[in-house]
J.: 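I'd like to ask you about the structure that follows.
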Amino acid sequence: MAEKNENASGGAYRATLNMPDTPFPMRGDLPKREPGWVADWNTNGLYQRLRDARQGAPLFVLHDGPPYANGQIHMGHAVNKVLKDMIVKSRQLAGFDAQYIPGWDCHGLPIENAIEKKHGRNLGRDDMQAKSRAYATAQIDQQREDFKRLGVLGDWERPYRTMDPANEAGQIRAFKRVIERGFVYRGLKPVYWCFDCGSSLAEFEIEYADKKSDTLDVAFESDDAVGLARAFGLAALPEGKQAFAVIWTTTAWTIPANQALNAHPELEYALVDTPKGVLLLGASLVEKCLERFGLTGNVLATAKGEALRGQVFRHPLHDVDSASGKYSYKRLSPLYLADYVSDGDGTGIVHSAPAYGVDDFNSCVAHGLAYDDILNPVQGNGVYAEELPLFGGQHIWKACPAIIDTLREHGRLMATQAITHSYPHCWRHKTPVIYRAAAQWFVRMDDGEGVFTKPGDKPAKTLRQMALEAIDHTSFYPANGQARLRDMIANRPDWCISRQRSWGVPIPFFLHKDSGELHPRTMEILDQAADIVEKGGIEAWSRVTAEDILGTADAPHYTKSSDILEVWFDSGSTFWHVLRGSHSHAYPNGAAHAEGPEANLYLEGHDQHRGWFHSSLLLACAIYGRAPYRGLLTHGFTVDSQGRKMSKSLGNGIDPQEVSKKLGAEIIRLWVAASDYSGDIAGDDKILARVVDAYRRIRNTLRFLLANTSDFDPAADAVPDDQLLEIDRYALARASELQAEILRHFELYEFHPVVSKLQVYCSEDLGAFYLDVLKDRLYTTAPKSLARRSAQTALHQITHAMLRWMAPFMSFTAEEAWPVLAREQTKGSIFFETFSPLPSANEALLAKWSRVREIRDLANKAIEDLRTEGKVGASLQATLTITAGADDAALLRSLGADLKFVTITSAVTVVDGSELAVAVTPSAATKCERCWHYADDVGNHAEHPTLCGRCVGNLAEAAGTGAGETRSIA
């Protein structure tokens, strides 16, 4: 805007104009200059200086959900960290002591996998832990530099790392507290198991993907055909016919471990006579089943499932192999009644392998099957135990065809077909998982007894009840996150917290070799273990022997547990071992709630409803009975312009490092701010190019503001509010109105409306109106005139406010502009400031000038129409006649001579009329060489024959030899 006038203003009077001047460059040159600002922030200790400056202010805690210390950051990381930074900075500018302690999640399987890929799978525990710690340390150092490069302010010199000994010890102490509250127990249950991990998985670590499987309809021969007939009210079955219960399954590999069948007590079942025997099927499914089997048949009788209680069937491989032992197929499968059975598909009868299904397990145990009698031939690596007849030593996925063939060869396969269905997969390896029974440690969601519950410490409510109540007291951004988290808590099973790996916080238990019971001094041992780990890390506990802890008398009778706490326990307990532990020094006056630490906000991707938000909620409720956060904010994933999630495999990702090198990290920040994070966040080169355009428009506006206040000293030159020109008071009222809107958005952690409104403000309120109108007054009036100082007073306040609005997301640009504007400031950073106080928004003034702008737009259209016809050039060549009704006429006349400056024309006449109309005629006057207005008095002054009287007066005022023009104030 300034450049156009500067270049166009020539002639002898150019030097008499107040042309804009600023060291703030037109080009940001962000890729080259940003690293310097980052270095200055670090060298000068900006973060700690901000903390010192805000000491004693109200505390705002955004607790960092730790990124995993594995691999270079991607755009999803950038979105997450920039969004956190914007929130922290906006709260800082609102006057809070807004601290940001970055953190990292350091334990767990992905790091072990990286080590195994490089060094093999046969590393000892000590070697694995040492290499894992070194690897995580290197990954953190790399990620930290990338986050700093994005302009994220935080305590980078003192982050928290879940692998730091103090944090590892804190996790053990948190674990002890959960035990004392009665929530921890040991149980044999089917849990998700990943063969690649070699460990159990939590619900959070499961994702669903399509898998191809073979369905099987398998026949189980009745061991008591007479009893089965009697259950249906029949004297006998057709002579010479065998009777079979038929099941349908998609997991052929579970058939060798079958131990029961299940039917629903209220469903109708049928005995169907077919050429292959009498089949027991769900009555509503008979027609579909026979079609699938390729059979015809007739129903002999029907009965409710309740009538089948006590029926017994033979394993389908009962007569195939004569092997003995616990896995022998010469066993019977009793039929149990269970409510989870349905007749939606299959046969209405479910085969039960209790080691490999939660419902199967619960049904069998409820009907008296002892834990020790549950068959579990699948080993942790997915291979059947060698002693399993027929299929021992084979991996279960490879054994499926052999199982199907064996059933077919011996007449027990009724049908099979290939299907593709949704199936649980490990979210790390993307490979199928199974349910597998294993002795694990659990956190109980509902009623029940825990190990070593401290007397008087057990809450009256269950963990599920407390968590659901805590959700009701938590603010969600966006609001739909509440229902999502509630559904997950309401329906989740008990939490399996043990893992069978090396790189993680130990579960420091000693189990009796015969009874499996914990050592009676377990709670003391937990304290001892925490002290050992705090001094030497988890490696120190790994080196401890049973003799060291239990003494020589007890040690021979106990086994030291090698299990570790799952990684979600690590990060989920950070409210305990970070906010009240390793970094309690950072939260001296507010983070520590009377009943424990509480953060203002947790912020992560929406997948963390099942992850960090989830585990943190459960652990805080287990320890304190409430959530560790007051608010939860979730953002979407980064996707390309077609809505596909960014990934290396698709090659559609955007590398934040490359964008920073090419365009600048500021463009990433502005892209994040301009995106509605409540959904997925789209980005590609074209989208970023549009962000660059938006950045340039905002920067150009900022440059104009700085350039036109370069000679303004607010202490000496500011004009009192009541002496400002009316349009200047309107500009401040509009800025005040906008600031109120922006601060409300910031309080709700909303940024894309701020960016949108800031762009509109720069282009419409400022560029297309106020600054456009202001140029004449800024450039042509005397430098120290009231008219010019009034404009500069408004511009200076607007610039102060605008820098603060943009500082949370355009941090580098705000920092660059701040010393140019605030020459009198000594602290050197915009982030020491708070949002600028502006005059209250005058509603009457806003309404009046809103109408003025509407009429101005109508005038501009009329001028443009005449320009299209070639009858006028610039708008200053035009003369307006505005016909208006009484209210509009009074409004326009109230502006006096300023009306022509508002419309940027050389003359305006207001005529009373019934309807608003604008007539445009070319001016017949002469153009002033200095201000370019067309005026009748050009040439009236012999000393300045090419100037209008207004410019002559302004030159006299500038020289101190006369009075300049007078502008309306009221």
Side-chain angles (χ1 to χ4, degrees), residues 25-42 67-68 70-87 89 102 139 141-154 156 605 635-677 679-700 751-752 754-756 758-759 806-816:
M26 183 186 300
R27 292 177 57 85
D29 209 8
L30 297 171
K32 292 182 180 179
R33 302 178 68 199
E34 286 172 345
W37 289 311
V38 172
D40 286 345
W41 290 345
N42 294 331
Y68 198 71
N70 184 25
Q72 193 174 44
I73 72 166
H74 51 68
M75 207 51 129
H77 289 116
V79 166
N80 180 272
K81 280 294 194 258
V82 167
L83 185 53
K84 289 174 179 174
D85 187 57
M86 293 191 302
I87 288 174
K89 285 173 177 171
Q139 298 297 303
D141 290 342
Q142 171 185 289
Q143 291 185 1
R144 173 166 37 198
E145 293 309 306
D146 286 342
F147 288 140
K148 289 161 69 174
R149 176 64 185 85
L150 291 171
V152 178
L153 285 179
W156 295 110
H635 60 80
F637 295 128
T638 53
V639 298
D640 63 20
S641 57
Q642 299 178 41
R644 300 175 302 174
K645 186 178 177 182
M646 290 185 186
S647 70
K648 290 183 179 178
S649 60
L650 291 176
N652 65 340
I654 302 175
D655 186 343
Q657 295 84 358
E658 290 303 312
V659 175
S660 295
K661 291 176 184 177
K662 182 180 178 181
L663 302 176
E666 193 85 312
I667 302 306
I668 296 176
R669 297 182 64 90
L670 186 55
W671 167 65
V672 174
S675 302
D676 182 356
Y677 62 74
D680 288 339
I681 303 167
D684 60 17
D685 290 341
K686 290 183 179 179
I687 291 173
L688 290 179
R690 290 197 293 270
V691 175
V692 171
D693 289 341
Y695 173 81
R696 287 172 179 162
R697 285 194 294 271
I698 296 172
R699 184 180 182 91
N700 285 342
F751 295 93
H752 73 279
V754 175
V755 176
S756 177
L758 180 59
Q759 290 185 75
M806 48 189 283
F809 46 90
M810 292 175 64
S811 296
F812 291 115
T813 305
E815 281 286 77
E816 177 190 6

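Note that the numbering runs from 1 along the sequence shown for the chain. Computed over heavy atoms, backbone and side chain alike; hydrogens, waters and symmetry mates excluded.
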J.: What distance do Ile668 atom CD1 and Ile654 atom CD1 have between them, rounded to the nearest 0.5 Å?
T.: 8.5 Å

J.: Evaluate the criterion side chain to side chain contact (heavy atoms under 4.5 Å, CB included) for residue pair Leu153 and Lys148; output intermediate values, then yes/no.
T.: CA-CA 7 Å; Leu153 285 179; Lys148 289 161 69 174; over 6 Å; no

J.: Closer than 4.0 angstrom, basic N to acidic O: yes or no for Glu666 and Arg33?
T.: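 Not counted as a salt bridge, because no side-chain N and carboxylate O are separated by less than 4.0 Å.
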
J.: Taking all non-hydrogen atoms of both residues into account, name the closest pair between Pro25 and Glu816 and its distance.
T.: CD-OE2, 3.4 Å

J.: Can we say Asp693 and Arg690 salt-bridge, meaning some charged N sits less than 4.0 Å from an Asp/Glu carboxylate O?
T.: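 Answer for the salt bridge query: no.
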
J.: Could you tell me whether the side chain of Arg697 and the main chain of Gln759 form a donor-acceptor pair under 3.5 Å?
T.: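 No; zero donor-acceptor contacts below 3.5 Å.
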
J.: Identify, with sequence neighbours excluded, every residue that meets side chain to side chain donor-acceptor pair (under 3.5 Å) alongside Asp680.
T.: none

J.: When you look at Phe637 and Val79, which way does the side chain to side chain contact (heavy atoms under 4.5 Å, CB included) test go after all the steps?
T.: CA-CA 9 Å; Phe637 295 128; Val79 166; over 6 Å; no

J.: Side-chain contact, heavy-atom cut-off 4.5 Å: His635 with Val672?
T.: no

J.: Looking only at heavy atoms, what is the nearest atom pair of Gly664 and Pro31, with distance?
T.: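 Scanning both residues completely, I find the closest heavy atoms to be N-CG, 3.7 Å.
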
J.: Could you give the distance from CZ (Arg699) to CZ (Arg27), rounded to the nearest 0.5 Å?
T.: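 CZ of Arg27 is found 9.5 Å from CZ of Arg699.
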
J.: Could you tell me if the side chain of Lys84 sits less than 4.5 Å from the side chain of Val152, heavy atoms only?
T.: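 When only atoms from C-beta onward are counted, Lys84 and Val152 do not touch, as no gap falls below 4.5 Å.
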
J.: What closest approach, in Å, do Gly605 and Asn80 show between heavy atoms, and which atom pair accounts for it?
T.: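 Scanning both residues, the minimum pair turns out to be N-ND2, 4.3 Å.
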
J.: Identify whether the distance between the nearest side-chain nitrogen and carboxylate oxygen of Lys89 and Asp85 falls below 4.0 Å.
T.: yes

J.: Nearest 0.5 Å please: distance from the CG atom of Leu670 over to the CD1 atom of Ile698.
T.: 5.5 Å

J.: Do the side chain of Arg669 and the main chain of Phe809 share a donor and acceptor less than 3.5 angstrom apart?
T.: yes

J.: Using 0.5 Å steps for rounding, measure from the CG atom of Asp141 to the CD atom of Gln139.
T.: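 Answer rounded to 0.5 Å: 9.5 Å.
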
J.: Within the structure provided, determine whether Lys645 and Thr638 are in side-chain contact (heavy-atom separation under 4.5 Å).
T.: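 Side-chain contact under 4.5 Å: no.
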
J.: Checking Glu815 now: which residues fulfil side chain to side chain donor-acceptor pair (under 3.5 Å) with it, not counting sequence neighbours?
T.: Trp41, Ser829

J.: My understanding is that only residues two or more places apart in sequence, or in another chain, count here; which of them pass side chain to side chain contact (heavy atoms under 4.5 Å, CB included) with Ser675?
T.: Trp671, Ile681

J.: Does any non-hydrogen side-chain atom of Ile73 lie less than 4.5 Å from one of Pro656?
T.: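 When only atoms from C-beta onward are counted, Ile73 and Pro656 do touch, with a gap below 4.5 Å.
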
J.: So does Asp40 have more than 12 non-hydrogen atoms from other groups sitting under 6.0 Å from CG?
T.: yes

J.: With distance as the sole test, does Ser811 use its side chain to make a donor-acceptor pair with the main-chain N or O of Ala807 at under 3.5 Å?
T.: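 Side chain of Ser811 to backbone of Ala807: a pair is present.
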
J.: Looking only at non-hydrogen atoms, find the nearest pair between Asp640 and Ala682 and report the distance.
T.: O-CB, 3.9 Å

J.: Enter the distance from Gln143:CD to His77:NE2 here, rounded to the nearest 0.5 Å.
T.: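 One gets 5.5 Å once the value is rounded to the nearest 0.5 Å.
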
J.: If we only count heavy atoms from C-beta on, is the Val691 to Leu663 side-chain gap below 4.5 Å?
T.: no

J.: Step by step, work out the side chain to side chain contact (heavy atoms under 4.5 Å, CB included) result for Tyr695 and Leu30.
T.: CA-CA 11 Å; Tyr695 173 81; Leu30 297 171; 3.6 Å; yes

J.: For the residue pair Phe812 and Arg149, what are the closest heavy atoms and their distance?
T.: CZ-O, 3.8 Å

J.: Of all heavy-atom pairs between Gln142 and Gly71, which one has the smallest distance, and what is that distance?
T.: NE2-C, 3.7 Å

J.: How long is the gap from CZ on Arg644 to CG on Asp684, to the nearest 0.5 Å?
T.: 10.0 Å

J.: Do Pro102 and Trp156 come close enough that some side-chain heavy atom pair is under 4.5 Å?
T.: yes

